[in-house]
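Notes for the one structure printed next.
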Amino acid sequence: MNFFGFSHQYTLASTGLKRDVDKVYYSRGEATSKMYNLCSKYGLHIVKIYDDKHCKTYICNNGVRFYIHRM
């Protein structure tokens with residue numbers, strides 16, 4: 001927790017999806033949950049994950065990419 005009273009925030013963004021999903025979440029779990037909900041809704045399957053310390057990139061079977069970044 002920092003001195004503003006909250007910890008990190010996380011952004012969820014995507015490329016290749018017709019729907020705009022840019023949004024800020026207060027936990028990585030919330031952002032990840034929303035991403036999996038979108039995958040389920042559009043029939044996407046994650047085939048590869050790039051895991052940097054603060055950023056994750058999820059690549060789906062049809063080329064759609066999701067990005068979760070810590071701010």
Side-chain angles (χ1 to χ4, degrees):
M1 195 178 226
N2 66 22
F3 81 103
F4 289 115
F6 58 89
S7 59
H8 302 289
Q9 294 178 333
Y10 297 86
T11 59
L12 172 64
S14 72
T15 56
L17 194 62
K18 292 182 181 181
R19 183 174 184 267
D20 184 24
V21 296
D22 292 340
K23 190 169 178 186
V24 175
Y25 297 90
Y26 291 102
S27 74
R28 185 184 303 275
E30 284 181 292
T32 303
S33 178
K34 179 62 177 179
M35 179 197 64
Y36 281 117
N37 287 342
L38 288 168
C39 286
S40 178
K41 179 178 180 179
Y42 293 107
L44 303 172
H45 302 283
I46 296 171
V47 294
K48 191 162 200 156
I49 300 171
Y50 292 107
D51 189 1
D52 191 5
K53 185 174 181 180
H54 300 299
C55 306
K56 287 191 178 189
T57 302
Y58 299 84
I59 302 172
C60 297
N61 57 319
N62 66 346
V64 171
R65 292 175 185 240
F66 290 97
Y67 309 93
I68 298 177
H69 294 271
R70 188 175 92 177
M71 298 179 11

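Side-chain atoms are counted along with the backbone in the values below, which use heavy atoms only and exclude waters and symmetry mates. Quantities reported herein were computed from a predicted structural model and do not represent experimental measurements.
Between Arg28 and Lys53 the shortest heavy-atom distance is NH2-O, 4.0 Å. The two residues Arg65 and Tyr67 have their closest heavy-atom pair at CD-OH, 3.2 Å. Taking each heavy atom of Thr11 and Val24 in turn, the nearest pair found is CG2-CG2, 4.0 Å. Between Leu12 and Lys34, the closest heavy-atom pair is CD2-CG, 3.8 Å.
One finds the CD1 atom of Ile68 at 10.5 Å from the CG atom of Asp51 (value rounded to the nearest 0.5 Å). Taking OG1 of Thr15 as the start and CD1 of Ile59 as the end, the distance is 9.0 Å to the nearest 0.5 Å. Going from atom OG of Ser27 over to atom CZ of Arg70 covers 13.0 Å, rounded to the nearest 0.5 Å.
The side chain to side chain contact (heavy atoms under 4.5 Å, CB included) search around Asp22 returns Ala13, Asp20, not counting sequence neighbours.
The shortest side-chain heavy-atom distance between Phe66 and Cys60 falls under the 4.5 Å cut-off. The side-chain heavy atoms of Ile46 and Met35, taken from C-beta on, include a pair separated by under 4.5 Å.
More than 12 non-hydrogen atoms from other residues, nucleotides or ligands lie less than 6.0 angstrom from OH of Tyr42.
Under the 4.5 Å side-chain heavy-atom criterion for grouping Ile, Leu, Val, Met, Phe, Trp and Tyr, Tyr25 is connected to Tyr58 within one hydrophobic cluster.
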